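A short worksheet on the structure shown next.
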Amino acid sequence: MSGGVLRDYIRIIRDSAVTALTRGKTVIDKAVAEEVVNDLKNTFQAQLSDEDYDVLLEVSRSKSIKRDQGLVGLLHNLSVLEYTNGRNWCDLHPIVRTILEEKHLLQQNASSD
């Protein structure tokens, strides 16, 4: 669920460990990890405006970016991730993808293509 972003990976592990320890657990179980990812999802969702969803849907569909002001903010807050493995391409952060799936936006976008 980190999308390859080391900062998010470490954050998920750290927050999961702290949550497990505060609950007296010696291991990070699935419930704890899901709770931490859900908290991170809420953080991402709070950063998204209504206008951002159209940009996110286009990125999900095309896997490419058009550098405009709407996308710059999404790249900066890591809602959209840019990869350069052989060629430049981009996609949604996996947690942002779940937000769109829960809102049934990805299915609506796919059916309108």
Side-chain angles (χ1 to χ4, degrees):
M1 294 304 287
S2 71
V5 178
L6 187 58
R7 181 187 74 176
D8 286 345
Y9 178 73
I10 291 170
R11 179 179 179 182
I12 290 168
I13 298 298
R14 181 200 63 215
D15 291 356
S16 295
V18 169
T19 300
L21 285 172
T22 59
R23 294 187 180 157
K25 298 181 178 186
T26 58
V27 296
I28 298 170
D29 60 19
K30 184 177 179 179
V32 166
E34 287 175 345
E35 180 181 333
V36 167
V37 168
N38 191 52
D39 289 344
L40 188 53
K41 180 175 66 175
N42 291 337
T43 300
F44 272 104
Q45 193 163 5
Q47 298 174 19
L48 298 174
S49 70
D50 291 340
E51 295 79 27
D52 290 334
Y53 289 104
D54 290 333
V55 176
L56 292 169
L57 290 170
E58 176 59 25
V59 168
S60 176
R61 186 191 63 72
S62 69
K63 305 294 188 234
S64 65
I65 55 175
K66 293 182 284 187
R67 299 246 183 228
D68 62 16
Q69 194 59 32
L71 184 63
V72 170
L74 296 171
L75 285 165
H76 283 257
N77 73 16
L78 300 177
S79 294
V80 173
L81 303 174
E82 189 171 15
Y83 300 97
T84 57
N85 53 345
R87 64 177 179 82
N88 289 352
W89 61 283
C90 65
D91 204 352
L92 305 179
H93 190 291
I95 292 175
V96 172
R97 180 172 295 284
T98 64
I99 293 169
L100 270 62
E101 289 169 351
E102 289 173 0
K103 291 181 172 286
H104 304 288
L105 294 174
L106 285 178
Q107 292 82 352
Q108 291 172 3
N109 188 45
S111 65
S112 66
D113 285 346

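Note that the coordinates shown come from a computational prediction; the quantities given were computed from them, not determined experimentally.
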Original post:
Should S60 and R97 be marked as a side-chain contact (heavy atoms from CB on, under 4.5 Å) after you check the CA-CA gap, both sets of side-chain angles, and the distance that decides it?
Top reply: CA-CA 8 Å; S60 176; R97 180 172 295 284; 3.3 Å; yes
Original post:
Is there a side-chain contact (heavy atoms from CB on, under 4.5 Å) between R11 and T43 once you walk through the steps?
Top reply: CA-CA 13 Å; R11 179 179 179 182; T43 300; 4.0 Å; yes
Subject >> Gap separating the CD1 atom of I12 from the CZ atom of R7, nearest 0.5 angstrom >> reply: 11.0 Å
Subject >> Minimum side-chain heavy-atom gap L74-V59 below 4.5 Å >> reply: no
Subject >> Hydrophobic cluster identity match, L78 and L71, side-chain contacts under 4.5 Å >> reply: no
**OP:** Answer whether the closest heavy-atom distance between the side chains of D8 and M1 falls below 4.5 Å.
**Re:** no
**OP:** State, to 0.1 Å, how close L92 and L100 come at their nearest heavy-atom pair, and which atoms those are.
**Re:** CD1-CD2, 4.0 Å
**OP:** May I ask whether V80 and W89 are part of the same hydrophobic cluster, defined by side-chain heavy atoms of I, L, V, M, F, W, Y residues being less than 4.5 angstrom apart, directly or through others?
**Re:** no
**OP:** Report whether L56 and L105 are members of the same hydrophobic cluster (ILVMFWY, side-chain heavy atoms less than 4.5 Å apart, transitive linking).
**Re:** yes
Subject >> Non-hydrogen atoms of P94 and S2 that approach each other most closely >> reply: CD-C, 4.4 Å
Subject >> More than 12 heavy atoms of other groups within 6.0 Å of Y83 OH >> reply: yes
Subject >> Salt bridge flag under 4.0 Å for residues E35 and K30 >> reply: no
**OP:** Kindly compute the distance separating NZ (K103) from OG1 (T98), expressed to the nearest 0.5 Å.
**Re:** 11.0 Å
Original post:
Of all heavy-atom pairs between L81 and G3, which one has the smallest distance, and what is that distance?
Top reply: CD1-O, 3.5 Å
**OP:** Apply side-chain contact (heavy atoms from CB on, under 4.5 Å) to F44 and L40, showing your working.
**Re:** CA-CA 6 Å; F44 272 104; L40 188 53; 3.9 Å; yes
Original post:
How far apart are the C-alpha atoms of I99 and Y53, what are their side-chain angles, what is the distance that settles it, and do they pass the side-chain contact (heavy atoms from CB on, under 4.5 Å) test?
Top reply: CA-CA 10 Å; I99 293 169; Y53 289 104; 4.1 Å; yes
**OP:** Looking only at non-hydrogen atoms, find the nearest pair between A33 and S16 and report the distance.
**Re:** CA-OG, 3.8 Å
**OP:** Give the minimum heavy-atom separation between N77 and Q47, together with the two atoms involved.
**Re:** CB-OE1, 3.1 Å
Original post:
With no hydrogens and no angle check, is any side-chain donor or acceptor of D52 less than 3.5 Å from a backbone partner on S49?
Top reply: yes
Original post:
How many angstroms lie between CD1 in I95 and NE2 in H93, if you round to the nearest 0.5 Å?
Top reply: 5.0 Å
**OP:** Work out which heavy atom in T84 is nearest to a heavy atom in N88; give both atom names and the distance.
**Re:** CG2-OD1, 2.7 Å
